[in-house]
Asks: 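Once you've had a glance at the structure underneath, I'll fire off some questions.
A, B, ... follow the sequence lines: proteins, then strands. Residue 1 opens every chain.
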Amino acid sequence: MPSRSGPSDAPRWCVLGRVPGGGVARGRVAAVEVDAAGERSAPIPIATAELPAFVAARERSAPRWVWSDTPSWYPRLLEAGVRIERCHDLRLCHAILSRSEAVPDRGPLLAAARWEAGPGAGEGEPAESALFEIETPEDAPGAVPHDLDAALEEFDRQRAALAACVDPGRLGLLVAAESAGALVAAEMAAAGVPWDAAEHDRLLSAALGPRPARGAKPVRLLELAEEVRAALGDPRASLDSPPKLLRALRSAGIDVESTSRWELAEHEHPAIRPLLRYKKLSRLLTAKGWAWIDEWVRDGRYHPVYVPGGVVTGRWASSGGGALQLPRQLRPALRADPGWVLVSADVAQLEPRVLAAMAADGAMAAAGSGRDLYSGLVEQGIVGTRQEAKIAVLGAMYGSTTGDSGRLVPRLRRSFPAAMRLVDTAAAAGEQGGVVSTWLGRSSPRPGDEWEELQARASLPGATSRDESRARRAAREFGRFTRNFVVQGTAAEWALAWLAELRLRLARLPSPTSAESIAPARASGPAFERQPHLVFFLHDEVMVHAPEGQAAAVAAAVRESAEAAGRLLFGSAPVDFPLELRIGERALKE
DNA sequence: GACTTGAGCGCG
DNA sequence: AAAGCGCGCTCAAGTC
């Protein structure tokens, strides 16, 4: 029992929400403190303009802030220079808990339909905040409720759901990590990726020719298009429309079914080489060309929009700007401010390592221990080359049955029976329309109605062989999805734990001395931008922007966080997660 | 004219 | 070379 005095009296949670008030259409804010026993304080009214000050003051006792939806609350606090350590994002946690098979009774959560808003629902452009005024989140169609009462009720439901779990620790870890991810996403969006627009422009010009006038095509693309048309003997061939291009190719005697890169590459014809080059450059121009710089880069920063929990497996998605699709070709444009460096790290073969840990497959863990896992497979004589190892391992996790990959998978089944049993079991569940769960308890969605109908029709007496084969194909397809779900989803959990740990460790680094901390180019940015901070995250890769003098400390924090993530998820399992770490002015790989 | 769909390709 | 998983974005074509 907690004593009635001393530190245990500190509130564990602080729930924020809107309250109706004073005829102000937008309402006011209030906070309710909740202690470890679930006892609530009376609502503490807060004038919206005072919210950052209130949060900053309460943050000294390090509560976990509970709110409807991180993007609705946190950006305004960050703008006001206030950062928090921990939160509980009700929307994200609802999505996990209301679907998790680890929760015995999901009824109350499922009945709370207002919390079912999808990622980013009703977000849109944040309303322009009036000068010197912090606004409360606005209701938008499809958005989660932001009211205090609704938040308190939902928080109770979620705490009850967690408490009822057989192993509340795992789901508890997941909702904490998911919420920490939401904080990281908001902070990275606010800080932005340090982006060298001039370097980006140089890379574009080198590949495409100088920036053309609006609406015109770069000269290099025009030249290549002419070359293709000449080779095809068709001066009017269109390269930008797949159907038209396909007709042009076929009438030039190139026998292809589609205009995709890999199929074109199989044919010998003078038009192929310039065409592939054209496609490559055209892609660069439309996805990440000059228009992208104009739209997404300001003051030396690219401000992406991350969507935590945006993928069914728990991976992040992004929206706008293609944050998770930055072409490797443009990585040199990611550049630290003067006097600062980028500390980047990625995990080698994260997914197979996670699989080995989940399945407690000692042989597979040993193959990856302290080295490249694929080389480990070669050294153990399981496959002949590193390339074969990669194909086999990916095939095992994705469920391939044909080609080189399908042929190599059986070797893994002999060498790593425990790991293969885990993914095979997950696939079998999916083929029967079942649900699987990640290590920490995120559960997969059920197949849709169409899928169920397909299966039902195939088992009817009058089913044709076509019905049966279609149903079988759909079943296997869903089996490949659930097979991959457990691995991709657990890898996402490991990465979230890594990110959450790293965020806290970076915040606890000693403040840079003024000699170390040359202010970043964008001095107007959030206050935390003057310390080492995360600027990029891509599934199994992180990047920290840091003063040069703190690079070593940051690198250590990155490594320690990875070790901590492994321990948090898998305890003492003998699986390691080696990092490839780089420190430099630019983000270059290979 | 506004919206959806599919091809194709960028990322892991 | 591309098969096997998960995404977002752009353009052209199809639909209303």
Asks: Between A:D346 and A:R582, does at least one N-O distance fall below 4.0 Å, as a salt bridge requires?
Replies: yes
Asks: Ignoring hydrogens and geometry beyond distance, is the side chain of A:R283 in donor-acceptor contact with the base of B:dC9 at under 3.5 Å?
Replies: yes
Asks: Below 4.5 Å, heavy atoms only, C-beta onward: do A:P218 and A:P210 meet side chain to side chain?
Replies: no
Asks: Which one is paired to C:dA3, where only Watson-Crick or G-U wobble pairs with both distances under 3.5 angstrom count?
Replies: none
Asks: Does this structure show an ion pair linking A:E585 with A:R335, if we count only N-O contacts that are shorter than 4.0 Å?
Replies: yes
Asks: In terms of the angle between their ring planes, are A:W292 and A:H200 parallel, tilted or perpendicular, with boundaries placed at 30° and 60°?
Replies: tilted
Asks: Name the orientation class of the two ring planes belonging to A:W494 and A:W498 (parallel below 30°, tilted from 30 to 60°, perpendicular beyond 60°).
Replies: tilted
Asks: Could one point to a donor on the side chain of A:D404 or the base of C:dA1 with an acceptor on the other under 3.5 Å away?
Replies: yes
Asks: Over all strands shown, is A:V487 touching base, sugar-phosphate only, or nothing at heavy-atom distances under 4.0 angstrom?
Replies: nothing
Asks: Using the six-membered ring of A:W439, assess whether NZ or CZ of A:R170 lies under 6.0 Å from its centre and within 45 degrees of the ring axis.
Replies: yes
Asks: What is the distance, to the nearest angstrom, from the CD atom on A:E477 to the C1' atom on C:dA3?
Replies: 14 Å
Asks: If each of A:T401 and A:W296 is mapped to the nucleotide of DNA chain C with the nearest heavy atom, which maps nearer the 5' terminus, i.e. the 5' end?
Replies: A:T401
Asks: Name the nucleic acid region contacted by A:T402, choosing base, sugar-phosphate or nothing; use a 4.0 angstrom heavy-atom cut-off, strictly under.
Replies: sugar-phosphate
Asks: What is the ring orientation for A:Y302 with A:W195, classed by angle as parallel under 30°, tilted 30 to 60°, or perpendicular over 60°?
Replies: perpendicular
Asks: Heavy atoms from C-beta onward define the side chain here; which of C:dC7, B:dG12, C:dC11 lies closest to that of A:L538?
Replies: B:dG12
Asks: Have a look at A:R261 and say if it touches a base, only the backbone sugar-phosphate, or nothing, with a 4.0 Å heavy-atom cut-off.
Replies: sugar-phosphate
Asks: If you assign each of A:A265 and A:L394 to its closest nucleotide in DNA chain C, which residue comes earlier from the 5' end?
Replies: A:A265
Asks: Figure out the CG/P separation between A:L355 and B:dG12, and round it to whole Å.
Replies: 21 Å
Asks: Within the pair A:K288 and C:dT10, is there a side-chain N or O less than 4.0 Å away from OP1 or OP2?
Replies: no
Asks: Answer yes or no: does a side-chain N or O of A:T313 lie under 4.0 Å from OP1 or OP2 of C:dC5?
Replies: no
Asks: Nearest to the side chain of A:A317, heavy atoms from C-beta on, is which of C:dG8, C:dG6, B:dC11?
Replies: C:dG8
Asks: Side chain of A:I391: nearest nucleotide among B:dG12, C:dA3, C:dG8?
Replies: C:dA3
Asks: Using a 4.0 Å heavy-atom cut-off across all strands, classify A:G321 as base, sugar-phosphate, or nothing.
Replies: sugar-phosphate
Asks: Using side-chain hydrogen bond (donor to acceptor under 3.5 Å, both in side chains), reason through A:S437 and A:E101 one step at a time and then give a plain yes or no.
Replies: CA-CA 7 Å; A:S437 295; A:E101 298 250 291; 5.3 Å; no
Asks: Touch check for A:E266, heavy atoms < 4.0 angstrom, all strands: base, sugar-phosphate only, or nothing?
Replies: sugar-phosphate
Asks: Can you list the steps and then say if A:R353 with A:D576 is a salt bridge (charged side-chain N to carboxylate O under 4.0 Å, His left out)?
Replies: CA-CA 7 Å; A:R353 289 173 195 280; A:D576 57 358; 3.6 Å; yes
Asks: Determine the contact category for A:L326: base if any of its heavy atoms lies under 4.0 Å from a base atom, sugar-phosphate if only primed atoms, P, OP1 or OP2 are that close, otherwise nothing.
Replies: sugar-phosphate
Asks: How close or far is atom P of C:dG4 from atom CG of A:L412, stated in whole angstroms?
Replies: 17 Å
Asks: Would you mind reading off the distance between A:Y398 atom OH and C:dC7 atom C1', rounded to a whole angstrom?
Replies: 12 Å
Asks: Between A:T490 and A:V486, which heavy-atom pair has the shortest distance, and what is it?
Replies: OG1-O, 2.6 Å
Asks: Determine: side-chain N/O of A:R480 to OP1/OP2 of C:dC5, distance under 4.0 Å, yes or no.
Replies: yes
Asks: Quickly work out the A:L284 CG to B:dC11 P distance and round it to whole Å.
Replies: 10 Å
Asks: For C:dG4, does the base pair up with any side-chain atom of A:R483 as donor and acceptor (N or O, under 3.5 Å, distance only)?
Replies: no
Asks: Among the candidates C:dG4, C:dA3, C:dC5, find the nucleotide nearest to the side-chain atoms of A:W262.
Replies: C:dA3
Asks: Reckon A:R476 has a side-chain N or O less than 4.0 Å from the OP1 or OP2 of C:dG4?
Replies: no
Asks: Over how many whole Å does the gap from A:E541 atom CD to C:dG6 atom P extend?
Replies: 22 Å
Asks: What nucleotide, of C:dC7, B:dG12, B:dG8, holds the atom closest to the side chain of A:Q325?
Replies: C:dC7
Asks: Which nucleotide in the list C:dC5, B:dC9, B:dC11 gets nearest to the side chain of A:F481?
Replies: C:dC5
Asks: For C:dG6, does the glycosidic angle fall within 90° of 0 (syn) or outside that (anti)?
Replies: anti
Asks: Without decimals, in angstroms, what is the distance between A:L408 CG and C:dA2 P?
Replies: 17 Å
Asks: Side chain of A:T286: nearest nucleotide among C:dA3, C:dT10, B:dC11?
Replies: C:dT10
Asks: If you only use heavy atoms from C-beta on, which nucleotide in C:dC5, B:dC11, B:dG10 is closest to the side chain of A:K280?
Replies: B:dG10
Asks: Does anything in residues 228-259 of chain A come within less than 4.0 Å of DNA chain B? Heavy atoms only, and list the residues if so.
Replies: A:S258, A:T259
Asks: In this structure, how many angstroms lie between the C1' atom of C:dG4 and the NZ atom of A:K390, rounded?
Replies: 14 Å
